[in-house]
There are 2 protein chains.
Amino acid sequence: MTSLQSFTSRRTGAIMRLGELEVRPDELQVLAGSRRVGLTTREFQVFLVLAERCDRVVLRPDIYELVWGGRMSRRDRSVDVFVRRVRGKLSIASPGWAYIHTHFGIGYRFSPERIGD
Amino acid sequence: MTSLQSFTSRRTGAIMRLGELEVRPDELQVLAGSRRVGLTTREFQVFLVLAERCDRVVLRPDIYELVWGGRMSRRDRSVDVFVRRVRGKLSIASPGWAYIHTHFGIGYRFSPERIGD
DNA sequence: CCGGCCCGTGAACGAGCGGTTACCAAGTGG
DNA sequence: CCACTTGGTAACCGCTCGTTCACGGGCCGG
C-alpha cells in the first residue's frame with residue numbers, strides 16, 4: 001500500500017516550505033532561497049519521505065519500504081548513503097541549517113533547525 | 001504471545017497522553033511538552049510496558065519477560081538498570097513529575113504524579 | 001564508442017547502546 | 001539493633017549501528 005507508488009501516483013503537488021527550503025513535489029525540486037539544491041530522483045524521494053513527516057521519527061526500514069519498496073535486507077546501507085548525500089547537498093545550498101537528524105537505532109527525523117553557521 | 005514481538009508487529013500507533021507526556025509508539029518516541037525525551041529502543045520498550053499498564057503494579061519478572069522474552073534469571077538487574085535510565089531521562093525532560101514508582105519486593109508502577117519541582 | 005553522472009554495495013572506523021557486575025543505600029524482620 | 005534481602009547507582013566493555021569513503025556497474029547523451 002505505502003510504497004514507491006505514492007510518489008508517482010499521488011500528485012499532491014502542494015508546495016511545502018520548511019525552514020529555508022521550498023519543496024516542489026511536481027518538479028522533484030528543492031530550492032533554498034533562490035538556490036537549487038539539485039537532488040537526484042532517488043535523493044529527492046528519500047528527502048520527501050522525511051520532509052512529508054516533518055518532526056516525526058521515521059524508522060529506517062520504513063524509509064526503505066517507502067522509497068525502494070519491499071523489505072530492507074539486514075545490511076542494506078542504501079538509506080544511510082542517500083541520507084548522507086541529501087545532507088551534503090542541503091548543507092551546501094542552505095548552510096546554517098540542519099534538517100535531517102539521526103535517532104540512533106531507530107531512524108531519521110526531518111526538522112529544520114538553525115545551527116551555528 | 002506477549003513478547004518482544006508485540007513491539008514490532010503490533011502497530012497500534014495510538015498516541016497516549018500521560019501527565020506531561022506524549023507517547024508515540026510508531027516512532028518509539030516520548031515527548032514532554034515539545035521536549036524530546038530521547039529514549040533508546042530498549043529504554044522505550046521498558047517504558048511502554050509500564051505506561052501501557054498505567055496505575056498497575058507490574059512484577060519485575062513480567063517486565064523482563066515482556067521486553068526481553070524468556071525467564072528472568074535470579075540475579076538479573078537489567079530491569080532495574082533500564083528503569084533507572086528511563087527515570088533519569090524523564091526527570092530531565094519533565095521535571096516536577098514522578099512517573100515510575102517502586103513497589104519494594106514486587107515491581108514497578110507507572111503513574112504520573114506531580115512532585116515538588 | 002566514450003565520458004559523465006547516478007545508483008548501489010562493501011569496508012573501515014568511531015560513537016552509542018545494552019547488558020553485566022560490583023558496591024552502596026534502603027527496606028524488612030527477628 | 002543487627003543480619004539479611006532488595007533496590008539504586010555508577011563504571012565497564014563487547015558489540016551493534018551509523019557515518020563516511022571508495023569502487024564498480026548501469027544508464028544516458030554526445
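Quick note on labels: first sequence line is chain A, next is B, and so on, each numbered from 1.
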Inset, instruction - Classify the ring geometry between Tyr99(A) and Phe110(A) as parallel (under 30°), tilted (30 to 60°) or perpendicular (over 60°). - result: parallel

Inset, instruction - Write down the distance between NZ (Lys89(B)) and C1' (dC17(C)), rounded to a whole number of angstrom. - result: 9 Å

Inset, instruction - Select base, sugar-phosphate, or nothing to describe what Val81(A) touches, counting heavy atoms under 4.0 Å on all strands. - result: base

Inset, instruction - Let me know the distance between CZ of Phe44(B) and C1' of dG16(C), rounded to the nearest Å. - result: 19 Å

Legend entry - Between dT6(D) (P) and Met72(B) (CE): distance, integer Å: 11 Å

Inset, instruction - Determine: side-chain N/O of Arg85(A) to OP1/OP2 of dC7(C), distance under 4.0 Å, yes or no. - result: no

Inset, instruction - Could you tell me whether the side chain of Ser94(A) and the main chain of Ser91(A) form a donor-acceptor pair under 3.5 Å? - result: no

Inset, instruction - Would you tell me if any nitrogen or oxygen in the side chain of Ser78(A) comes within less than 4.0 Å of OP1 or OP2 on dC7(C)? - result: no

Legend entry - Glu22(A) side-chain N/O to Arg17(A) backbone N/O, donor-acceptor pair under 3.5 Å: no

Legend entry - Side-chain donor or acceptor of Arg53(B) paired with backbone N/O of Val49(B) under 3.5 Å: yes

Inset, instruction - Looking only at side-chain atoms of Arg84(A), point me to the closest of dT9(C), dC21(D), dT9(D). - result: dC21(D)

Inset, instruction - Rounded off to whole Å, could you give me the CZ-to-C1' distance for the Arg75(B) and dA22(C) pair? - result: 13 Å

Legend entry - For atom CG of Asp80(B) and atom C1' of dT21(C), their distance in whole Å: 13 Å

Inset, instruction - Would you tell me whether Tyr108(A) and Arg60(A) have side-chain atoms, one donor and one acceptor, within less than 3.5 Å of each other? - result: yes

Inset, instruction - Ignoring backbone atoms, test whether Thr40(A) places a side-chain nitrogen or oxygen under 4.0 Å from the OP1 or OP2 oxygen of dC5(C). - result: no

Legend entry - Carboxylate-amine/guanidinium proximity below 4.0 Å for Arg71(B) and Glu65(B): no

Inset, instruction - Report whether Val81(A) and Leu90(A) are members of the same hydrophobic cluster (ILVMFWY, side-chain heavy atoms less than 4.5 Å apart, transitive linking). - result: no

Inset, instruction - Measure distances between side-chain N and O atoms of Arg77(A) and base N and O atoms of dT19(D), and say whether any donor-acceptor pair falls under 3.5 Å. - result: yes

Legend entry - Under 4.0 angstrom between Tyr108(A) side-chain N/O and dC17(D) OP1 or OP2: no

Legend entry - Protein-nucleotide distance (Leu59(B), atom CG; dT6(D), atom C1'), rounded to Å: 15 Å

Inset, instruction - Establish, with yes or no, whether the OP1 or OP2 oxygen of dC7(C) is under 4.0 angstrom from a side-chain nitrogen or oxygen of Thr41(A). - result: yes

Legend entry - Ser111(B) and Arg56(B) side chains, donor-acceptor separation under 3.5 Å: no

Inset, instruction - Report the distance from atom CD of Glu43(B) to atom C1' of dG19(C), rounded to the nearest whole Å. - result: 12 Å

Inset, instruction - Output yes when at least one side-chain N/O atom of Arg87(B) is less than 4.0 Å from OP1 or OP2 of dT9(D), else no. - result: no

Inset, instruction - For dG8(C), take OP1 and OP2 only and decide whether either is under 4.0 Å from a side-chain N or O of Trp68(A). - result: yes

Inset, instruction - Quantify the bending of the helix from dC1(C)-dG30(D) to dG30(C)-dC1(D) as the angle between its end axes, each fitted on five pairs, to 10°. - result: 30°

Inset, instruction - Take atom CG of Leu39(B) and atom C1' of dG16(C), then tell me their distance rounded to the nearest Å. - result: 15 Å

